[in-house]
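Presented below is the structure to which this report refers.
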Amino acid sequence: MSTFSNRREFLRAATLTGAGLALSRRLPGASNKSVLVFTKSSGFEHAVVKRVDGKPSLVDDTITELGNKNGFKAGVTKDGRIFDSKEFLSYAAVVFFTTGDLTTLGTDGKPPMSPKGKEALLDAVRGGMGFVGVHAATDTFHTLPDPEDRSNRYIARGDRQDPYLRMLGAEFITHGREPRLQDAKLIVNDAKFPGLEGVTSPVSFNEEWYSMKDFMPDLHVILTLDTQGMKGECYQRAPYPVAWARMHGKGRVFYTAMGDRPENWKNEFLLNLLAGGIRWSIGEASAQLDANLKQAAPGYAEIPPKFPEKK
């Protein structure tokens with residue numbers, strides 16, 4: 001017997017205040033394409049995706065509104081069973097703000113993906129579905145083993161990396177501690193990418209900056225983090241990508257490392273870039289996609305030093 005006895009039962013379970021499927025209003029004359037916003041937290045649950053008293057999260061509401069303004073529908077859910085359903089394949093792209101091993105119940109207690117659901121996701125992207133990763137999407141499906149001391153995250157895995165991370169383009173190692181948030185300069189490597197029109201480089205931005213590794217060599221780098229002068233061991237490395245696009249088979253993949261701070265979900269720079277990435281992922285915007293990783297970030301493969309052991 002399937003998890004849901006019929007389609008009507010699944011849609012009833014996946015309401016905005018529960019599991020969470022809801023479509024935004026469609027603009028007159030706009031594209032009929034829709035995106036699925038998936039925010040399950042099997043690891044740490046960020047404030048921006050947390051639902052309080054059954055109300056939509058900040059990410060739910062913001063991407064829904066971006067859809068209203070940019071001509072796409074947005075469905076939102078934390079229920080991993082969606083990937084085993086026929087409804088999943090009706091979406092043009094999926095947006096992930098997730099953490100941990102999504103095939104486990106984890107922190108938020110929402111139903112996990114099944115192993116076949118994970119395969120269905122990767123197959124769908126390879127076949128042409130768009131994928132948009134936001135912030136903690138790189139803190140998802142860490143390459144195993146992933147012990148509590150996080151020691152294996154400081155080892156380059158290359159071809160042995162989890163297939164989800166190879167699809168996405170890189171893996172999260174860690175972020176700053178003291179301070180956790182800091183101002184940094186973003187080098188704009190592609191000012192013509194959708195949503196960045198008129199932006200001049202560098203851009204100053206305050207964020208919980210992710211330090212990452214195992215960047216796929218075919219990345220088209222959009223933004224690079226200028227690490228000079230940043231505080232914390234994890235930034236003692238050459239500049240590295242924090243926003244990029246790539247093709248995974250026929251699927252368009254976009255990622256931005258920004259999005260931790262609730263305030264930034266009102267920041268026009270982030271919102272314009274995210275809207276542009278979504279529009280590109282569903283084929284509603286075009287972009288040059290030359291592989292520029294070595295030119296944009298020659299030291300991208302550097303692994304930063306670990307934080308010192310606490311005494």
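- The shortest distance between side-chain heavy atoms of Leu225 and Pro239 does not fall below 4.5 Å.
- Arg81 has no carboxylate O lying under 4.0 Å from a charged side-chain N of Glu87, or vice versa, which leaves the two without a salt bridge.
- Ring geometry for Phe215 against Tyr300 counts as perpendicular: the plane angle is over 60°, on a 0 to 90° scale with 30° as the lower cut.
- In this structure, Phe38 has its ring center closer than 6.0 angstrom to the ring center of Phe83.
- A donor atom on one side chain and an acceptor atom on the other are not found under 3.5 Å apart for Gln295 and Asn292.
- Residues Val48 and Pro262 meet the side-chain proximity criterion, which asks for heavy atoms closer than 4.5 Å.
- You'll find the side chain of Glu302 stays beyond 4.5 Å of the side chain of Gln236, heavy atoms only.
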Before giving the answer on side chain to side chain contact (heavy atoms under 4.5 Å, CB included), spell out for Glu208 and His135 the whole-Å C-alpha distance, their side-chain angles and the decisive distance to 0.1 Å. CA-CA 9 Å; Glu208 176 192 76; His135 192 56; 3.1 Å; yes
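- Within a 6.0 Å sphere centred on CD of Gln228, other residues, nucleotides and ligands contribute 12 heavy atoms or fewer.
- In this structure, NZ on Lys110 lies 10.0 Å from CG on Leu105, to the nearest 0.5 angstrom.
- A salt bridge is defined here as a Lys NZ or Arg NE, NH1 or NH2 lying under 4.0 Å from an Asp or Glu carboxylate O, and Asp146 with Arg153 meets this definition.
- In this structure, Lys40 does not pair ionically with Asp79, as no charged nitrogen and carboxylate oxygen lie closer than 4.0 Å.
- Put simply, the side chain of Glu197 gets close to the backbone of Gly195: a donor and an acceptor are under 3.5 Å apart.
- Grouping the Ile, Leu, Val, Met, Phe, Trp and Tyr side chains by contacts below 4.5 angstrom, directly or via other members, places Val49 apart from Phe44.
- By the rule that hydrophobic residues join a cluster once side-chain heavy atoms approach within less than 4.5 Å of another member, Val134 and Ile173 end up as members of separate clusters.
- The shortest distance between side-chain heavy atoms of Pro179 and Lys231 falls below 4.5 Å.
- Donor-acceptor pairing under 3.5 Å is recorded for the side chains of Arg237 and Ser211.
- A salt bridge is absent between Glu207 and Arg261: the closest approach of a Lys/Arg side-chain nitrogen to an acidic carboxylate oxygen does not fall below 4.0 angstrom.
- None of Ile82, Val37, Asp60 except one satisfies the side-chain contact (heavy atoms from CB on, under 4.5 Å) rule with Thr77; the exception is Ile82.
- Put simply, CG on Leu273 and CZ on Phe269 are 6.0 Å apart, with the number rounded to the nearest 0.5 Å.
- Aromatic ring orientation, His142 versus Phe172: tilted (interplanar angle from 30° to 60°).
- Leu223 is connected to Val203 through a chain of hydrophobic side-chain contacts under 4.5 Å among Ile, Leu, Val, Met, Phe, Trp and Tyr, so both are in one cluster.
- Val132 and Met247 fall within the same hydrophobic cluster, where Ile, Leu, Val, Met, Phe, Trp and Tyr residues are linked whenever their side-chain heavy atoms come under 4.5 Å apart, directly or through other members.
- Asp123 and Arg126 are joined by a salt bridge, as a carboxylate oxygen and a charged side-chain nitrogen come within less than 4.0 angstrom of each other.
- Lys33 has its side chain out of reach of Tyr91: every pair of non-hydrogen atoms, C-beta onward, lies at least 4.5 Å apart.
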Note to self: side-chain hydrogen bond (donor to acceptor under 3.5 Å, both in side chains) for Ser114 and Asp84? Distances and angles first, verdict last.
What the structure shows: CA-CA 8 Å; Ser114 68; Asp84 289 311; 2.8 Å; yes
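- For Ala124 against Leu89, the heavy-atom pair with the smallest separation is CB-CD2, 4.3 Å.
- A search for salt bridge (Lys or Arg N to Asp or Glu O under 4.0 Å) contacts involving Arg246 returns Asp218, not counting sequence neighbours.
- A salt bridge is absent between Asp101 and Lys118: the closest approach of a Lys/Arg side-chain nitrogen to an acidic carboxylate oxygen does not fall below 4.0 angstrom.
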Practice prompt. Decide side chain to side chain contact (heavy atoms under 4.5 Å, CB included) for Val188 and Thr200; before the verdict, give the C-alpha distance in whole Å, the side-chain angles of both, and the deciding distance to 0.1 Å.
Written response: CA-CA 7 Å; Val188 180; Thr200 57; over 6 Å; no
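- To the nearest 0.5 angstrom, His248 atom NE2 is 13.0 Å from Lys250 atom NZ.
- Taking a cutoff of 4.0 Å between a charged side-chain nitrogen and a carboxylate oxygen, Lys55 and Asp61 do not qualify as a salt bridge.
- When the shell of 6.0 Å around CD of Gln288 is examined, it contains 12 or fewer heavy atoms from other residues, nucleotides or ligands.
- How far CG of Asn70 is from CD1 of Ile278: 8.0 Å, rounded to the nearest 0.5 Å.
- The minimum heavy-atom distance between Gln182 and Met230, with the atom names listed, is OE1-CA, 3.7 Å.
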Checking Thr224 against Asn189 for the side-chain hydrogen bond (donor to acceptor under 3.5 Å, both in side chains) test, could you report, in this order, the C-alpha distance in whole Å, the side-chain angles of both residues, the deciding distance, and whether it holds? CA-CA 7 Å; Thr224 302; Asn189 303 105; 2.6 Å; yes
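- Across every non-hydrogen atom of Trp265 and Gly259, the tightest pair is NE1-O, 2.8 Å.
- For Tyr235 (side chain) and Trp209 (main-chain N/O), a donor-acceptor pair under 3.5 Å exists by modelled atom type.
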Where do Tyr154 and Lys213 land on the side chain to side chain contact (heavy atoms under 4.5 Å, CB included) test, with the steps shown first? CA-CA 8 Å; Tyr154 290 84; Lys213 66 166 187 175; over 6 Å; no
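- No side-chain heavy atom of Leu168 sits under 4.5 Å from any side-chain heavy atom of Phe141.
- Ring centers of Trp244 and Phe254: at least 6.0 Å apart, outside the cut-off.
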Walk me through whether Phe96 and Phe131 qualify under ring-ring contact (aromatic ring centres under 6.0 Å, His included).
CA-CA 8 Å; Phe96 265 43; Phe131 186 93; 5.0 Å; yes
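- In this structure, the separation between CD1 on Ile282 and CE on Met129 is 12.0 Å, given to the nearest 0.5 Å.
- Looking only at atom types and distance, the side chain of Tyr255 has a donor-acceptor partner in the side chain of Thr138 under 3.5 Å away.
- Nearest heavy-atom pair, Asp108 versus Thr39, reported as atom, atom and distance to 0.1 Å: OD2-O, 4.2 Å.
- Nearest approach of Ala170 to Met212, heavy atoms of both residues: CB-CB, 4.5 Å.
- Shown here for Lys50 and Ser57, the closest heavy-atom pair between the two residues is O-CB, 3.6 Å.
- Taking the side chain as every heavy atom from C-beta outward, Val35 and Lys73 never approach each other to under 4.5 Å.
- Note that CG of Leu270 is 12.0 Å distant from CD of Glu263, once rounded to the nearest 0.5 Å.
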Side chain to side chain contact (heavy atoms under 4.5 Å, CB included) between Asn152 and Leu144: does it pass, once the steps are laid out? CA-CA 8 Å; Asn152 282 351; Leu144 300 177; over 6 Å; no
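- By the rule that hydrophobic residues join a cluster once side-chain heavy atoms approach within less than 4.5 Å of another member, Ile155 and Ile303 end up as members of separate clusters.
- Other residues, nucleotides and ligands contribute at most 12 non-hydrogen atoms within 6.0 Å of the CD atom of Glu178.
- Using a cut-off of 4.0 Å between Lys/Arg side-chain N and Asp/Glu carboxylate O, Arg166 and Asp159 are scored as salt-bridged.
- In summary, the side chains of Thr99 and Thr140 do not present any donor paired with an acceptor at a separation below 3.5 Å, with no hydrogens or angles considered.
- Using a 4.5 Å cut-off on side-chain heavy atoms (C-beta onward), Leu196 and Ile222 make contact.
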